[in-house]
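Report on the structure given below.
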Amino acid sequence: MLLLVGTALVNNVVLVQFLGLCPFMGVSNKLDTALSMGLATTFVLTLASVAGWLLEYFVLAPLDLGFLRILSFILVIAAVVQFTEMVIRKTSAALHQVLGIFLPLITTNCAVLGVALLNVQEGHGFLQSVTFGLGAALGFTLVMVIFAALRERLAISNVPAAFAGAPIGFIVAGLLSLAFMGFAGLNFA
Amino acid sequence: MFFFMRKRPAFKGGVHPDDRKQATSGLPIEPLPLPARLYLPVQQHIGAAARPVVTAGDTVLKGQMIARGDGAVSAAVHAPTSGRILAVEPHPAPHPSGLPVETIVIEPDGEDRRQEEPDPEHALNLEPEIIAQRVAEAGVVGMGGATFPAAIKLNLGSRHHIDTLIINGSECEPYLTCDDRLMRERTDEVVDGIRIIRHALGARRALVVVEDNKPEALAALQARLYEMDTIEAMAVPTRYPMGSEKHMIKAVTGREIPAGKLGADIGVIVHNVGTAYAVHRAVRMRRPLISRIVTVGGGAVQRPANLEVLLGTRVEDLLAHCGGTRQPPARLLMGGPMMGQVMPHAQVPIIKGSNGIIALTAEEINIGETMPCIRCGRCVAACPCGLMPLEMAARIRKEDMDGAVDYGLMDCVACGSCSYVCPSHIPLVQFFHHAKGVLGARREQQRRQEEIKRLAQQRRERQEAEARAKAEAAERRKAEREAAKRKADEAKAARAAKAAAAKETPKTPAADEAKA
Amino acid sequence: MTQTTPVSGPHTHAPGSVAWNMGWVTLALLPATAFGVYLFGWPALNLLLITILAAVLFEALSLRIAGRPVSPFLMDGSAIVTGLLLALTLPPWAPWWIGVLGAAFAIIVGKHVFGGLGQNLFNPAMLARVALLVSFPLEMTTWITPSPLFSAGAPGFLEGLAITFGLTAVPDAVTGATVLGETQTGFSRDLGLSETLPGVYAPLQQALGFVPSSLGEGSALLLLAGGLLLMARRIITWDIPVAMLGTLVILSTVFMLIDPERYAGPGLHLFSGAAMLVAFFIVTDPVTSPSTVGGRLLFGAGCGLLIYVIRTWGGYPEGAAFAVILMNALTPLIDHYLRPRTYGRTRRGKPLPMKSPEATAPAQEKRP
Amino acid sequence: MEPSLLSAIFILTTMGLLLGYGLGMAAKYLRVEKDPLVDEIEAMLPGTNCGQCGLPGCPSAAQALASRTAPVTLCPPGGKLLAQQLADKLDITVDLSAMGEEVPAFAVIDPDHCNGCTRCYKVCATDAIMGANRQIHTVFTEACNGCGKCVEVCPTQGLTLVPEAPSLRRWHWPKPKSA
């Protein structure tokens, strides 16, 4: 449980470890698309960390094919993402049309691969890697939703033309990570 | 200190503007002398404009109908006095835009000869339909400012089970005292009007609702209603917008009208005190609606007063009667300061819905420079409909009208409480009026585009039908020509065969040629 | 001149304006500021004036760059309030460039980048304080033991100028740690509260403010008085301060009952650090707090919770600034979901169901 | 070839095959027909094929919009309203302030110039013009959407596009100035 809160808040995937920034900036214009993007990434990320662990301990470690780790992880993640995209296209074409290019882009989302690799690097057991993956994904979704609400508020306020759109988005993201520094050194000892 | 002991608030939100009625609440109603000209617009009510039935040069009697209601939702217009019709032409309408409206101009002849009127008769044994029909003929509309044709509400009685009739005597707008004076000086006629309306609607009980800042009116009504069991007078706390139909129903019965429904759907109908008085004169006295009581007030008026004014009298005549203005008013309003409208100039006529002419000075308006919205939430607390004015205004500012509708723009009754409390002096209500106007224009454009798409579709089908018909016709003609050719070939072949046969029998060819 | 162009809506208005609000906020802050200046002497006054002046200058500069009319916006006093609030949270003898840099960050990045008054997402003063705390930890944590203005050890006017403009180093003898700082170091040397507190914490003294603290946060009682004045004048609403201080008290009492050695009591949490200043003057900033009562209650409770979490388990002794910024980030989310119930609709927005069955019985037969 | 290289190639190929097969099955099971977007956009367009967008007709305009090769402001008869709807549909934000708050305009025939040549009502997409051979023609303002094709065709310049006069019914409040 502590690990879950730790990865979600203290070293949040996006704002502290700066992973997965491109969907974070790209899909956060509207609150509901950000939420669905977050959920899609949670689904993929948790599956990826589970698959990562299985691959590591049943295939790569016994045959010490460590060098294959990134390649095989990416293969599995791509498959899971492709599957997710098909499910979303089938269930709601509107959502698929809105998420657009960012859905297949989850494959290249550095948070997904990053978390899977971190799992192996930290030597997490099965349960730990699942909670780590879930915590990172929940952190990602939480921050996506907060950031989307902030950007929706910016959309209706008259931001000066020079800053409108992406620039103010980057500034707010910076300030948000400044705020998340407050959680630095948080330990429930 | 006794904050908690106050009984359940009448409704959420609302504001407490200083009512500033002292200037005119003590003054009795005084009639306005006959003006030189009367300008009667054909559009004095909600719904379709009335259709004029007189032309320039006709002479009319007092009370004669000069424009007939057009269609279901409309109201007739009558001549306020006898005289000659000068013209039926566009004149400036009593509207902030200053745009013209079709107006019937009457030149009074001063004799005030009345149309022969059937004598008054006992109204309470009339059928509701007849009452509604008389009210419609008399051109009675909601006198509180909404000007909705009253007859339609009376007919609602037959289609819905009405258990409560509320007579709105709250008059929550500052400065206005016309209803107050009406209730005090003409209590009997008002009560009689209420009995007629209650009878027409078949309502179980009727409540006359008066705000507690008008004790004399309340006392007058209670004295008169003492022996009646079905009609009572009821005091409600002074709070703006108590006069709004939705909030009066909530304050009196505790029930809320579901969104998109009418008061009648939950068994409640609201009429203004002025409407009750007009119904009394229409049904019992058989007099059409030709005059109304108008409060002339505001800091810029020399001598504020409550005047009984013929419809069509120009505002400049009222102001002249009240001694003109001490200083040019910052804003000349028709109606109260909260929901009233700015008049472009004083050459606009009084119509059925104008309950007040208020000439305000700049201090009274407390004009402040508009600053950006600081999201303080006072407008959210003040909104009696439970909306978020700041969010709606922010979206309208960004031309996102649908976003404003999602935040409840269509539930807004434009009472003005939010703009009243806004520390940044933002004209929130004008944003909402603008948005509703744009959405109305869009719906109109959408309707026209569908219409044009249908026409284009029709034309295409007509052209295809024509083309098909032409093709078939060409087909048929070709077929006929072939048939004809074929017949001709056969005939030629037959003739050739006969000719050949004739060669073998030379003796009879001459006869054949002569015959052929 | 009579109004001829169409102007809609109410033609009368309640008293009050943005400048009026800001004026009252400044007034309510004066007692605490004066006490802070008295407590920490000339350097504190210098820092205060420099910060406010810098804030006003940067406001004018930003307005000119944005091409906005300078006078109405400058006169509304929002820059003065931001400068004042920022100065009150700084260490009393901080060097002048801390004040100027903080004012620049607050006004430019905190407010005008978003589009000026009313458009910013985070409280400018707190944003600047967080930025300064993270970038200049040393200058931001040199606390001074109080040496009242004209008492013996206090620096004179010239010395004050020298300290503020960094000519002479701050003598170590004078520095001291705030109570929260003391408890933090105590835990790092795993001393229980019973050992560290007696030497440092005297409740009455703490409340009155004769303790090392930042410029304006010392006297909790004066801040409380200012806050109640604002509430009485209806400039701020009661919901956020009550929710925040309430949550802080409840959490600290519960945890104190669990383990008094590890967790400080409500008294210390309320009267130490920035709790009072934040509760009445910073968290109630209308621009960055939700606009519904329910939203504000949740917002206040969130601030109280985060302040407690960061103070007790976090890395920084004083978490108020971070807590405010984090909750400001949540405000758009709170406003999005917590909306008032519209008349005639259920809380989810659907029209109310028709309670009494639609009796369409024609009126005839029930005629009396 | 060391054994680990061999096993690496073997593992990757099997995983590739396995996952490929799994996705193939999923693709068949989750198939979706033609992209319904084009028909929806076409349904939104006025359908008068007036060609003012520079494309031969509304179906090809819909095609261009779906493939995002044409801007949403391409359809003058549709005006600002259609542009806004198309922008929402294709989920692109577009700055509509460039399109003026246009007032609907109608064709009006100047009786002195009209010689009844009937060229205009042949080309009118919505049959808004009525008139027989060598008779003076009139325009139904209700049916005319101001596409302007008849104005070009008229030999005697008798046809002009006139904006609708402001009326009390169509007037609405201007947007207030905000600080």
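Keep in mind that the numbers below use all heavy atoms, side chains included, and drop hydrogens, waters and symmetry copies.
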- Item | Proximity breakdown for B:R443 and chain D, heavy-atom pairs closer than 4.5 Å | neither

- Message: With a 6.0 Å cut-off (strictly less than), is the heavy-atom count around CZ of D:F140, excluding the residue itself, greater than 12?
- Response: no

- Query: What class does the angle between the rings of B:H95 and D:W173 fall in, given that below 30° is parallel, 30 to 60° is tilted and above 60° is perpendicular?
  - Reply: tilted

- Item | Which portion of B:Q430 sits near chain D, non-hydrogen atoms under 4.5 angstrom | both

- Okay, side chain of B:E173, backbone of B:M338: is any donor-acceptor separation there less than 3.5 Å? yes

- Message: If the contact rule is any heavy atom under 4.5 Å from chain D, which residues of residues 455-469 of chain B qualify, in numerical order?
- Response: B:L455, B:A456, B:R459, B:R460, B:R462

- State, yes or no, whether a side-chain contact exists between B:Q341 and B:L333 at a heavy-atom distance under 4.5 Å. no

- Tell me, side chain or backbone of B:I426 under 4.5 Å from chain D's heavy atoms, or both, or neither? neither

- List the steps and the verdict of side-chain contact (heavy atoms from CB on, under 4.5 Å) for B:I351 and B:H45. CA-CA 9 Å; B:I351 53 175; B:H45 50 270; over 6 Å; no

- Task: List for me each residue that meets salt bridge (charged side-chain N to carboxylate O under 4.0 Å, His left out) alongside B:E391, sequence neighbours excluded, and say none if there are none.
- Result: B:R375, B:R395

- Query: Okay, side chain of B:T147, backbone of B:V141: is any donor-acceptor separation there less than 3.5 Å?
  - Reply: no

- Relative to chain D, which of B:E451, B:R442, B:R397 shows the most heavy atom pairs under 4.5 Å? B:R397

- Message: Would you say CZ of B:R448 has more than 12 non-hydrogen atoms from neighbouring residues, nucleotides or ligands within 6.0 angstrom?
- Response: yes

- Would you mind checking which part of B:Q446 comes under 4.5 Å of any heavy atom in chain D, side chain (CB onward), backbone (N, CA, C, O), both or neither? both

- Query: Between B:G437, B:P427, B:P100, B:A49, which has the largest tally of heavy atom pairs under 4.5 Å with chain D?
  - Reply: B:G437

- Query: Which class fits the ring pair D:H172 and B:H434: parallel under 30°, tilted 30 to 60°, perpendicular over 60°?
  - Reply: tilted

